Amino acid sequence: MKFFVDTAEIDAIAELNDLGMVDGVTTNPSLILKSGRDILEVTKEICDLVDGPVSAEVVATEADDMIAEGRKLAKIAPNIAVKVPLTWAGLKTCKTLSDEGQMVNVTLCFSVNQAILAAKAGATFISPFIGRLDDINLDGMELIADIRQVYDNYGFETEILAASIRTVNHVTDSARIGADVITAPPGVIKKLADHPLTDKGLESFLSDWAKTGQKIL
Ligand code: G3P
């Protein structure tokens, strides 16, 4: 399972990247706003830091403009994945850029039918949003499972990039289902290491070690 980190914060990406935890990065207009950085500058810095795909999202809504924006973003670095929303204009952009050999991430996916369209348009990644479905009392994880089944039924090669991940359980469930990639905020990825029994066990080992009066170094 690949881990993408869902942020445009360079320090947070670098910290996880140094540990080998970053197979790619996803950004979106909201994350660029949060970073306070210029999209072209910060995306270039991320691409220099990380070897894997770095998603950068177009903001136009008409296909011709989306394609032009996508081509401009693609020039930032060879590891750019142009991110487009799941609209007909986005699908047209996906098809055009994919045919040119460009990685494309189709985002804002909320149904199996949308995921089928993205695969047929040649998407490298499909990004179903788990948390936002959970937010409206639907089941985001069920969508991941359904897309996995349908893609496997037909041998679609588009990778399922489980997005809008809010909890560590979203990560576990995505792994069980067989999502190819998860993208999660740095805080969620760091929480994957937490377990109260690890903390309790370490406390007990350290307490006993102190009683031995020994030192290793
Ligand atoms: O990867 C998409 C992600 O940034 C959306 O997450 O938490 O805003 O729904 P969220």
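Because the structure is predicted, anything quoted here is derived from the model rather than measured. Indexing begins at 1, ligand by ligand and atom by atom, following the structure's order.
- Annotation: side chain to side chain donor-acceptor pair (under 3.5 Å) contacts of Glu62 (sequence neighbours excluded): none.
- Salt bridge Asp134/Arg166: absent, no basic N to carboxylate O contact under 4.0 Å.
- Here the shortest heavy-atom pairing between Ser55 and Lys83 reads CB-CD, 3.9 Å.
- Judged by distance alone, the side chain of Glu69 and the main-chain N or O of Ala60 form a donor-acceptor pair under 3.5 Å.
- Classification of Arg132 and Asp135 as a salt-bridged pair fails, no side-chain N sitting under 4.0 Å from a carboxylate O.
- For ligand 1, the protein residues within 4.0 angstrom (heavy atoms only) are Asp6, Asn28, Phe129, Arg132, Ala163, Ser164, Arg166, Thr183.
- Distance alone, capped at 3.5 Å, places no donor-acceptor pair between the Thr27 side chain and the Ala8 backbone.
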